Q: 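Have a look at this one before I ask anything.
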Amino acid sequence: MATRALLSSPTSLYAVTPFSSIASSRSQLIAASPYFFLRRTSLPLISSSPIRCFAHLRIDAEEVKESVKEEPFVLTTPLYYVNAPPHMGSAYTTIAADAIARFQRLLGKKVIFITGTDEHGEKIAAAAEASGSSPREHCDIISNAYRLLWADLGIAYDKFIRTTDSRHEAVVKEFYSRVLNNGDIYKADYEGLYCVNCEEYKDEKELLENNCCPMHLKPCLLRKEDNYFFALSKYQKNLEELLTSNPDFVKPSFRLNEVQSWIKSGLRDFSISRSSVEWGIPVPNDSKQTIYVWFDALLGYISALLDDGEHPNLQQAISFGWPASLHLIGKDILRFHAVYWPAMLMSAGLRLPNMVFGHGFLTKDGLKMGKSLGNTLEPKDLVLRFGADAVRYFFLREVEFGNDGDYSEDRFINIVNAHLANTIGNLLNRTLGLLKKNCQSTLAFDSITAAEDNSFRDAVEKLVERARCHYENLSLSSACESVLEIGNAGNLYMDEHAPWSRFKQGGVSAEMAAKDLVIILEAMRIIAIALSPITPSLCSRIYMQLGFSEEQFKALSWNDTKWGGLREGQTMADPLPIFARIESKQEGGDEVIHKAVKVKKKTSRNQGLVEA
Ligand code: MSP
């Protein structure tokens, strides 16, 4: 079999490419396997930070055969089922993907950020019927609700694919035919227990009492069908080899163990068509069957690459950026992405994505928040009450990316107030207040001159480098933490140096105070860049308070986090609160209502402003 012969080609010698070192240039890649690229590495550069940063992996120049155009960084969210409107669980993956996409853009990569909706199958047809609409109308409405929510959350995606798009259909059919021609599709009878919510046949062993699905807590139904099957079992060895030679294919590493144990326990062929489901893409040459939703939806990651109006063909789509650099998914759909999908791609002779990252669940009272259990949190409400930056920040900062995290409103308010309103907002506001009062809002020094021999500058440089490494490694919460540490250090610097009293002393002391303000504002500028993947509009407001324009903010790159952006003579904007503190107020009985309000509270942190 062609596939096997290819896989046995030599793959030794090479360190596996983690997501973070994903090719910035095709010329840096060495095709050691037809499915995934491996890169030879030199020793990692020594970093002052203790964090291992994959971005330091380099390639031996002699291995570079030819220089070809830069490869894009393609990242995907799952394509969301349109059985119900989006909830906070669906928004979570997309917010994380957006932060990663923004970070990669700051690094100067050409990013293709793909999201979209998964619109075929039994579950969707049933939801449409229940709502009294045709499947098409129903899909239009819900798919649009996703787009609207992404806009509310400040999600800057590049491609939005709907699996009911006719171009997608053409790509799926072509892919199906390739797999068929490779001898990996056959017809057979199947009887098993089916979970409609998972859209998957289940193993009896994994079910709870009364054959209930452990995820959706609803009984699975006994189904018997004459279906087309995909010969997954043929790829057992190839998948084992893939994961051994490329352990970074599945992240975090504890999810890799899970995938390896599924494979080890033996892979069974799975059915890729349904005879009982009309709402789907017809199987080529058998219009009585439709293609199984997963075999259809996964191809959305490829068909999304097509541009509007292009003749829809698989090779064309591939040429626009396949393979994906990163599939971001929730842990419940790991098997589809880390087992089924690579086997399907191998069968079709296509390259594999570089990495599948399975994050944890947002939970409520310990149970997965979801449409099926009806215990969801409305992202739209959260955005309306607290703003997109607060929502984005809380979930990315509070939930360690990869693990589960529980939502609590009190925690939300405490974190957001402490970090965004106090540590960052208040520091900026009181520094600008002092600058206005004592220096007519104009910088008296370049930030480089102001920080000569200053250890605070060293600390900021280390922290921003650490944040970069955390972003590279998808440790989004730690990236937020490192940036916030700059804010904490800034507040400490302010309190220790007390520029308000130095201004009062005049002479050299006042000059030192003016330098201190430049130093803190330079740190603020760096925070605005380094936190911009997480809280883009807050960071743009910070940047504009520092006297820059929106265009200048949009044109920033990660290199601009280097110390030295603020120059003598630059005039700052009038100090305005950049983040509204969320206040709780008791209204009628015991009901507590929280909302974002612009209240100036006298805390020890704004002491400088009061005294100055
Ligand atoms: N349609 C499939 C994906 C096909 S991808 C080619 C699907 N859709 S889904 O709408 O059910 O789920 C989409 C994503 O949302 C999954 O990654 C899932 O893990 C995520 N989440 C849904 N609820 C979630 C939480 N409560 N918490 C975090 N993410 C969760 O599966």
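All values derive from a computational prediction rather than experimental measurement. Atoms within a ligand are numbered from 1 in the order they appear, just like the ligands themselves.
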Q: Considering distance alone, does some N or O of A297 sit under 3.5 Å from an N or O of ligand 1?
A: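 Checking ligand 1 against A297, no N or O pair falls under 3.5 Å apart.
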Q: Among all the protein's non-hydrogen atoms, which is closest to atom 18 (C) of ligand 1, and how far away is it?
A: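 Protein heavy atom at minimum distance: D332 OD1, 3.4 Å.
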Q: Given L377, I161, T93, I333, which one has a non-hydrogen atom that is nearest to atom 20 (C) of ligand 1?
A: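 Ranked by closest heavy atom to atom 20 (C) of ligand 1, first place is T93.
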Q: Indicate the ring-plane relationship of Y157 and F160, choosing parallel, tilted or perpendicular according to the 30° and 60° boundaries.
A: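 Judged by the thresholds at 30° and 60°, the geometry between Y157 and F160 is tilted.
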Q: Parallel, tilted or perpendicular: which fits the ring planes of H359 and Y92, with parallel below 30° and perpendicular above 60°?
A: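 Aromatic pair H359/Y92 classed perpendicular.
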Q: Can you report which non-hydrogen protein atom sits closest to atom 27 (N) of ligand 1, along with the distance?
A: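 Protein heavy atom with the smallest distance to atom 27 (N) of ligand 1: L362 N, 2.8 Å.
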Q: Using the six-membered ring of F357, assess whether NZ or CZ of K251 lies under 6.0 Å from its centre and within 45 degrees of the ring axis.
A: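 Because its charged atom misses either the 6.0 Å distance or the 45° angle limit, K251 does not stack over F357.
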Q: Would you say M88 contacts ligand 1, with heavy atoms under 4.0 Å as the rule?
A: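 No heavy atom of M88 comes that close to ligand 1.
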Q: Salt bridge between R178 and D184, side-chain N to carboxylate O under 4.0 Å?
A: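 A salt bridge is absent here (no side-chain N lies under 4.0 Å from a carboxylate O).
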Q: Would the number of heavy atoms belonging to other residues, nucleotides or ligands and lying under 6.0 Å from CD of E206 be above 12?
A: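 Yes, CD of E206 has more than 12 neighbouring heavy atoms, counting only those of other groups under 6.0 Å.
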Q: For D307, which residues count as a side-chain hydrogen bond (donor to acceptor under 3.5 Å, both in side chains) partner, sequence neighbours excluded?
A: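 Here the qualifying residues are K159.
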Q: Is G330 in polar range of ligand 1, meaning some N or O pair under 3.5 Å apart?
A: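 Between G330 and ligand 1 (N or O atoms, distance only) the closest approach is under 3.5 Å.
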Q: Would you compute the distance between atom CG of D269 and atom CD1 of I185 and round it to the nearest 0.5 angstrom?
A: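 Those atoms lie 11.0 Å apart.
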Q: For atom 30 (C) of ligand 1, what's the nearest protein heavy atom and its distance?
A: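 Scanning the protein heavy atoms, the shortest distance from atom 30 (C) of ligand 1 goes to G89 O, 3.6 Å.
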Q: Is it the case that over 12 heavy atoms from other parts of the model lie below 6.0 angstrom from the NZ atom of K202?
A: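 Yes.
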Q: Is there a polar contact between ligand 1 and P78, counting only N or O atoms under 3.5 Å apart?
A: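 Checking ligand 1 against P78, no N or O pair falls under 3.5 Å apart.
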Q: Decide salt bridge (charged side-chain N to carboxylate O under 4.0 Å, His left out) for R411 and E398; before the verdict, give the C-alpha distance in whole Å, the side-chain angles of both, and the deciding distance to 0.1 Å.
A: CA-CA 9 Å; R411 185 111 190 101; E398 253 316 87; 2.8 Å; yes
Q: Give the atom numbers and elements of ligand 1 that come within less than 4.0 Å of a heavy atom of D118.
A: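 Within the 4.0 Å cut-off of D118, ligand 1 contributes 1 (N), 2 (C), 4 (C).
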Q: Does ligand 1 come near enough to L298 that some N or O of the ligand is less than 3.5 Å from an N or O of the residue?
A: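 Such a contact does not occur with ligand 1.
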Q: Assess whether a salt bridge exists between K368 and D332, defined as any Lys/Arg side-chain N lying under 4.0 Å from an Asp/Glu carboxylate O.
A: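 Yes, K368 and D332 are salt-bridged.
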Q: For atom 5 (S) of ligand 1, which of F336, Y407, Y301 has the closest heavy atom?
A: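 The option holding the nearest heavy atom is Y301.
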Q: State the atoms of ligand 1, each with its element, that fall below the 4.0 Å cut-off from a heavy-atom position in G360.
A: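 Answer, ordered by atom number: 28 (C).
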Q: Can you pull out the closest protein heavy atom to atom 11 (O) of ligand 1? Residue, atom name and distance to 0.1 Å, please.
A: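 It is Y81 CD1, 3.2 Å.
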Q: Give me the nearest non-hydrogen protein atom to atom 3 (C) of ligand 1 as residue plus atom name, then the distance to 0.1 Å.
A: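 Protein heavy atom with the smallest distance to atom 3 (C) of ligand 1: L79 O, 3.2 Å.
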Q: Is the count of non-hydrogen atoms from other residues, nucleotides or ligands lying under 6.0 Å from E174 atom CD greater than 12?
A: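 Above 12, so yes.
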Q: Could you say whether the N/O atoms of M369 and ligand 1 ever approach to under 3.5 Å?
A: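 For ligand 1, there is an N or O atom that lies under 3.5 Å from one belonging to M369.
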Q: Does an N or O from Y80, backbone or side chain, lie closer than 3.5 Å to an N or O of ligand 1?
A: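 The answer is no, given that Y80 and ligand 1 share no N or O pair closer than 3.5 Å.
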Q: Minimum distance, heavy atoms only, to atom 22 (C) of ligand 1: which one of K368, K331, H359 is it?
A: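 Selected option, by shortest heavy-atom distance: K368.
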